[in-house]
Amino acid sequence: MSGEQEISYSEAIQKASASITRFPLIPVRGVPLMSYIANNWDSIWAFRPDPSDLLIATYPKAGTTWTQEIIDLLLHNGDAEACKRAPTPVRSPFLEINSPPPIPSGLDLLKTMDPPRLIKTHLPFQLVPPGFWENKCKAIYVARNAKDNLVSYYHFDCMNLTQPEPGPWEGYIHKFMCGELSWGSWYDHVKGYWAEREKRNILYLFYEDMKENPRREVERIMRYLDLSVSDEVISKIVELTSFKNMKENPMTNYSCVPAPVFDQSISPFMRKGEVGDWTNHFTPEQSKMFDEDYEKQMKGVNIPFRTLI
Ligand code: A3P
């Protein structure tokens with residue numbers, strides 16, 4: 001990094017820390033979104049992707065970064081150096097985000113990139129800009145079982161100082177169950193994409209399947225993208241995207257986001273990367289209460305979630 005660049009980077013961080021705030025939530029068509037997203041809603045909704053763009057949609061903390069890395073590596077035939085050209089959010093813009101500097105806003109970044117682009121969103125299906133479906137863009141959805149997703153989101157809300165204050169654990173469980181967290185209800189999110197997956201040709205993946213057999217899921221993504229890479233390259237991609245390797249990789253571990261925004265001393269972005277960590281956080285009573293409510297909220301839909309593998 002040149003001296004000049006270093007100065008502008010540290011200035012940007014200083015500016016960022018001065019403006020860090022936990023944003024309030026404002027409903028957009030009933031879905032609570034952070035105020036800077038809600039206030040910029042018209043531009044987000046009007047976004048027109050190119051038909052060659054690929055959407056990766058998730059509820060927050062379902063394995064987005066992992067999937068983004070797998071896809072970028074597949075698109076670069078497993079070339080690790082090529083995928084170190086920039087941090088994840090720069091290589092694969094986050095559609096609705098408007099982060100404090102030095103990370104540019106998703107829409108601004110997209111303007112500077114030529115298609116095909118790998119575009120991340122946490123928006124529920126009904127809030128995805130209609131241009132994606134009109135242009136028949138491919139879309140990959142990753143779902144993670146509710147309890148692990150909740151635990152991961154809780155830790156993230158503690159360390160991401162722009163997200164609303166998580167408050168105590170017990171209350172956080174209730175907020176999750178009532179759909180009061182940023183990007184709304186987990187239940188509606190996973191059901192919304194599930195209902196549309198066939199009509200819209202959405203590849204619906206599960207975090208637990210990726211943990212159980214990453215190779216199988218990398219191959220599934222490869223086929224969906226009409227790519228063909230060698231068995232050797234697949235093995236390399238599986239290795240490069242292991243939790244350990246992604247945790248150590250500065251391009252994937254979100255060390256690019258300044259500490260006043262992501263305070264990784266509170267909880268690292270690459271935290272545990274496991275299935276079943278919920279058993280270390282839910283008391284038996286909380287688990288029972290959560291399961292009873294889950295039955296009601298997921299009644300009539302049979303999405304094959306697994307809370308343990
Ligand atoms: P935990 O908090 O349970 O560790 P997202 O990218 O959607 O924000 O999701 C982050 C979650 O995915 C975190 O979960 C993170 O550790 C996990 N994760 C990221 N990369 C992973 C990988 N290569 N293997 C397994 N889990 C990974």
Side-chain angles (χ1 to χ4, degrees), residues 55-74 80 83 87-97 99 103 106 118-124 140-160 162-163 166 169 172 176 181-183 186 189-190 193 205-218 221 236-257 261-264 266-282 305-309:
L55 185 68
I56 159 146
T58 53
Y59 190 75
K61 313 318 288 175
T64 331
T65 317
W66 187 10
T67 314
Q68 284 170 295
E69 193 63 14
I70 292 172
I71 298 170
D72 198 30
L73 279 159
L74 277 169
C83 295
T88 308
V90 177
R91 281 179 287 146
S92 171
F94 188 173
L95 178 65
E96 64 269 23
I97 212 78
S99 325
I103 308 284
L118 174 53
I119 304 173
K120 160 182 167 180
T121 189
H122 288 323
L123 293 170
I140 297 181
Y141 186 77
V142 189
R144 185 176 193 183
N145 82 74
K147 284 171 163 173
D148 280 330
N149 206 142
L150 193 171
V151 168
S152 183
Y153 206 177
Y154 174 72
H155 287 89
F156 183 67
D157 277 352
C158 292
M159 66 80 92
N160 180 345
T162 65
Q163 285 267 114
W169 164 245
Y172 194 85
F176 182 94
L181 302 177
S182 296
W183 286 283
W186 174 92
H189 211 283
V190 297
Y193 283 92
L205 301 173
F206 293 93
Y207 180 95
E208 295 73 25
D209 292 348
M210 292 167 65
K211 282 296 293 184
E212 181 181 65
N213 190 339
R215 183 178 193 97
R216 180 188 60 206
E217 299 309 302
V218 171
I221 298 171
K236 195 172 155 196
I237 293 176
V238 169
E239 178 59 21
L240 287 166
T241 57
S242 69
F243 178 76
K244 183 174 174 292
N245 281 334
M246 282 185 59
K247 189 177 170 77
E248 284 166 8
N249 179 352
M251 293 301 145
T252 55
N253 66 13
Y254 273 89
S255 53
C256 64
V257 175
V261 183
F262 279 9
D263 188 341
Q264 301 217 28
I266 297 175
S267 178
F269 185 89
M270 294 288 166
R271 193 183 61 89
K272 272 203 170 172
E274 283 174 8
V275 178
D277 185 38
W278 64 269
T279 56
N280 299 315
H281 295 274
F282 281 71
F305 280 110
R306 292 184 291 165
T307 51
L308 296 169
I309 54 171

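As the structure lists them, so they are numbered: ligands from 1, and atoms in each ligand from 1. Computed from a prediction, not measured in an experiment: that's the story for all the values here. Nothing fancy with the numbering, it's 1 onward along the sequence.
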Under 4.0 angstrom from ligand 1, any heavy atom of [X]?
X: Phe156; result: no
X: Met246; result: yes
X: Asp277; result: no

[X] N/O under 3.5 Å from ligand 1 N/O:
X: His122; answer: no
X: Pro60; answer: no
X: Thr58; answer: no
X: Gly273; answer: yes
X: Arg144; answer: yes
X: Ala62; answer: yes
X: Thr64; answer: yes

Please test Asp148 against Lys61 for salt bridge (Lys or Arg N to Asp or Glu O under 4.0 Å), starting from the C-alpha separation and ending with a verdict. CA-CA 9 Å; Asp148 280 330; Lys61 313 318 288 175; over 6 Å; no

Just checking Trp186 against Phe305, ring centres under 6.0 Å apart?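 When the ring centroids of Trp186 and Phe305 are compared, they turn out to be within the sub-6.0 Å range.
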
Near-ring test Phe176/Tyr154, centroid separation under 6.0 angstrom: no

Under a 3.5 Å distance rule, please check whether Asn253 uses its side chain to pair with a backbone N or O of Met270 as donor and acceptor. no

Identify, with sequence neighbours excluded, every residue that meets ring pair (Phe, Tyr, Trp, His ring centres under 6.0 Å) alongside His155. His281

Who's closest to atom 2 (O) of ligand 1 heavy-atom-wise, of Pro214, Ser152, Gly63? Ser152

Return the option from Tyr207, Tyr59, Tyr153 holding the heavy atom at the smallest distance from atom 25 (C) of ligand 1. Tyr207

Measure the distance from [atom] to every protein heavy atom, then report the residue, atom name and distance (to 0.1 Å) of the closest one.
atom: atom 8 (O) of ligand 1; value: Lys61 NZ, 2.8 Å
atom: atom 6 (O) of ligand 1; value: Thr65 OG1, 2.5 Å
atom: atom 15 (C) of ligand 1; value: Phe269 O, 3.9 Å
atom: atom 23 (N) of ligand 1; value: Thr241 O, 2.8 Å
atom: atom 19 (C) of ligand 1; value: Met270 SD, 3.4 Å

Less than 4.0 Å between a side-chain N and a carboxylate O, is that true for Glu69 and Arg91? yes

Return yes if a side-chain donor-acceptor contact under 3.5 Å exists between Trp66 and Glu217, otherwise no.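 No donor-acceptor contact under 3.5 Å links the two side chains.
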
Short list, please: which atoms of ligand 1 are under 4.0 Å from a heavy atom of Ser242? 23 (N)

